[in-house]
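The block underneath contains the structure these notes are about, expressed in structure tokens.
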Amino acid sequence: MAEVVKPLSLAELSSMVGEAAATRQPLEVRGTGTKQGLGRPMQTGATLDLSGFAGIDIYEPEELVLEAGAGTPIGAIEIAVAAKNQQLAFEPPNLSRLLGGSQAGTLGGVISCNLSGPRRIKAGAARDFVLGVVGVSGRGESVKAGARVVKNVTGYDLPKLLTGSYGTLAALTTITLKVLPRPETEATLVIRGLNDGEAVRAMSVAMQSSCEVSGAAHVPDMTFLRIEGIAESVVYRRDRLARLLGEFGRSESLDAEDSQEQWRSIRDVEPLDGSERVVWRLSVAPSEAPEVTARIAAEIDARWFYDWAGGLIWLDVPSTKDGGEAIVRGAIVKGHATLVRAPDAVRRGVDVFQPQLPPLAALSARVKSSFDPAGILNPGRMYRGV
């Protein structure tokens, strides 16, 4: 069993990583381990446990800024900001059920994987809310980038680079986020009976309207459109959107409580149950989504639903030797597919992330070498040899 080391200070972390770099000892960087199933399996000699960097260090509700340790449970942060009637607007998903975990994980895990929920189409991705980071690179050197201000654009935007790097560039200890006011209420329109093509067209009409839709998803036989804000405005925009979408059929409305529960289910990928199936996450142009899923369904037993107005497809297929990779990626003309859940043997044998074109692969290798020349931080988690 690999050794587990748990630093409790930035200096201690720098020392541990520096020693590992000197001996070229590969390290698995993790918080509580809830995202271990994301990415390729790794062969490492030691685990760098960052769960000790926990706690909210600074929270200034009037400035919409929060700074917390990377090991802080994401649920604790959501409770803290909700108490001040604020929220993490990128709506971080809880993938514990999908990945077989027991809890939602840490702030560092969410940011390292750039996980964003249904509101991304309106508010932006997780990386758009990261104001600053502190951590240690693979050289054992302290990294500090960004600041507790929204407008801080001097030099390279390292917080955005490190967000979504899956711990391959630096071990994060502290993350500063922008938070936003929580909507007073919400409502969701539901249109039943649309096929995929009709649903994508309806979601497109809704997103192009002035109704400020903050969620647009389609699961089999039901299309959901969310509106948030001040109560009077929500009612007005909901009714206006219902009239606008009249050509697609009669709609019904979910109240705030039912709406929240429905979007929590979509956010956490609950429409895809069954742990024995392989799960893919596809990013395509919304207008092309029905054609992509139709091509996949013609080749393999597949189930799916759409989020982000069709731009995000969550899809599962039976577990095979390649997890359906050839069929899934072969169906995409423009876009990319990420393998989210599969047995280790499948994740080890296929490209979990979309294969990169040679120029981009060379750039990724240079970035990795700049931050981690010995290649010790989560080696191979995103791409072989990186």
Side-chain angles (χ1 to χ4, degrees), residues 30-39 66 68 70-82 86-130 163-167 175 177-180 182-183 186 188 214-219 224 226 228 259-275 277-283 303-316 336-342 352-353:
R30 77 177 187 194
T32 53
T34 58
K35 309 297 187 296
Q36 281 182 294
L38 297 178
L66 180 143
T72 308
I74 193 70
I77 293 176
E78 290 178 318
I79 290 172
V81 297
Q86 295 181 342
Q87 65 177 356
L88 300 179
F90 57 92
E91 209 168 0
N94 178 354
L95 300 182
S96 59
R97 178 172 175 175
L98 185 72
L99 300 176
S102 59
Q103 38 92 16
T106 64
L107 173 62
V110 167
I111 297 304
S112 293
C113 299
N114 192 33
L115 297 179
S116 310
R119 200 180 289 109
R120 184 193 187 283
I121 56 174
K122 182 175 185 289
R127 61 165 43 97
D128 298 313
F129 291 85
V130 179
T163 302
S165 64
Y166 283 75
I175 298 167
L177 294 175
K178 175 177 65 175
V179 299
L180 289 181
R182 191 176 184 178
E186 66 179 72
T188 291
S214 66
H218 176 72
V219 302
F224 299 98
R226 179 176 61 187
E228 299 175 302
S259 175
Q260 290 167 5
E261 180 60 24
Q262 180 60 56
W263 287 102
R264 184 200 58 76
S265 174
I266 292 170
R267 180 199 71 181
D268 298 345
V269 201
E270 289 186 359
L272 297 184
D273 57 5
S275 59
R277 293 174 69 89
V278 169
V279 175
W280 289 86
R281 184 179 183 272
L282 285 61
S283 179
R303 305 181 305 174
W304 63 86
F305 72 93
Y306 303 124
D307 199 357
W308 301 354
L312 174 64
I313 304 171
W314 285 101
L315 176 142
D316 72 13
H336 60 264
T338 302
L339 181 60
V340 175
R341 185 184 70 195
V352 170
F353 295 91

For this session: Establish, from distance only, whether the side-chain atoms of Thr188 and Gln262 form a donor-acceptor pair under 3.5 Å.
Result: no
For this session: State the CZ-OG distance between Arg97 and Ser102, to the nearest 0.5 angstrom.
Result: 15.0 Å
Could you list the donor-acceptor pairs under 3.5 angstrom formed between side-chain atoms of residues 107-121 and any protein atom two or more places apart in sequence or on another chain?
residue	atom	partner	partner atom	Å
Ser112	OG	Gly108	O	2.8
Asn114	OD1	Arg127	N	3.1
Ser116	OG	Ala126	N	2.8
Arg119	NE	Glu228	OE1	3.0
Arg119	NH1	Ala89	O	3.1
Arg119	NH2	Glu228	OE2	2.9

For this session: With the side chain counted from C-beta on, respond yes when Thr34 and Leu99 share a heavy-atom pair under 4.5 Å apart, and no when they do not.
Result: no
For this session: Measure the spacing between CD1 of Ile77 and CD1 of Ile175 and express it to the nearest 0.5 Å.
Result: 8.0 Å
For this session: Report the distance from atom CZ of Arg281 to atom OG1 of Thr338, rounding to the nearest 0.5 Å.
Result: 6.5 Å
Seminar exercise, completed: Sorted by chain and number, sequence neighbours left out, side chain to side chain donor-acceptor pair (under 3.5 Å) with Gln260 holds for none
Exercise. Under 4.5 Å between any side-chain heavy atoms of Arg277 and Leu272, yes or no?
Worked result: no
Exercise. Would you say the side-chain atoms of Asp268 pair up with the backbone N or O of Glu270, donor to acceptor, closer than 3.5 Å?
Worked result: no
For this session: Could you give me the CA-CA distance, side-chain angles and deciding distance for Phe353 and Tyr166, then say whether ring pair (Phe, Tyr, Trp, His ring centres under 6.0 Å) is met?
Result: CA-CA 12 Å; Phe353 295 91; Tyr166 283 75; 5.0 Å; yes
For this session: Would you indicate whether the side-chain heavy atoms of Val340 and Leu38 approach each other to under 4.5 Å?
Result: yes
For this session: For Asp307, enumerate each residue passing the side chain to side chain donor-acceptor pair (under 3.5 Å) test, keeping only those at least two apart in sequence or located in another chain.
Result: none
Exercise. Just wondering, do Trp280 and Ile313 contact through their side chains at under 4.5 Å, heavy atoms?
Worked result: no
Exercise. Tell me, do Val130 and Leu177 make a side-chain contact under 4.5 Å, heavy atoms counted?
Worked result: yes
Exercise. Would you call the rings of Phe224 and Trp263 parallel, tilted or perpendicular, where under 30° means parallel and over 60° means perpendicular?
Worked result: perpendicular
Problem set entry | Considering all heavy atoms, the nearest Pro271-Phe305 contact | CB-CD2, 3.7 Å
Exercise. Does Glu78 reach the side chain of Pro92, with side-chain heavy atoms less than 4.5 Å apart?
Worked result: yes
Problem set entry | Rounded distance [0.5 Å steps], CZ in Arg341 versus CG in Asp316 | 7.0 Å
Problem set entry | Close side-chain approach of Leu282 and Leu312, heavy atoms under 4.5 Å | no
Seminar exercise, completed: Closest non-hydrogen atoms of Ala125 and Asp128, given as atom of the first, atom of the second and distance, are N-OD2, 2.7 Å
Exercise. Knowing that exactly one of Arg264, Arg226, Arg182, Arg267 qualifies, which makes a salt bridge (Lys or Arg N to Asp or Glu O under 4.0 Å) with Glu91?
Worked result: Arg226
Seminar exercise, completed: On a heavy-atom basis, the closest approach of Ala104 and Ile74 is CB-CG2, 3.6 Å
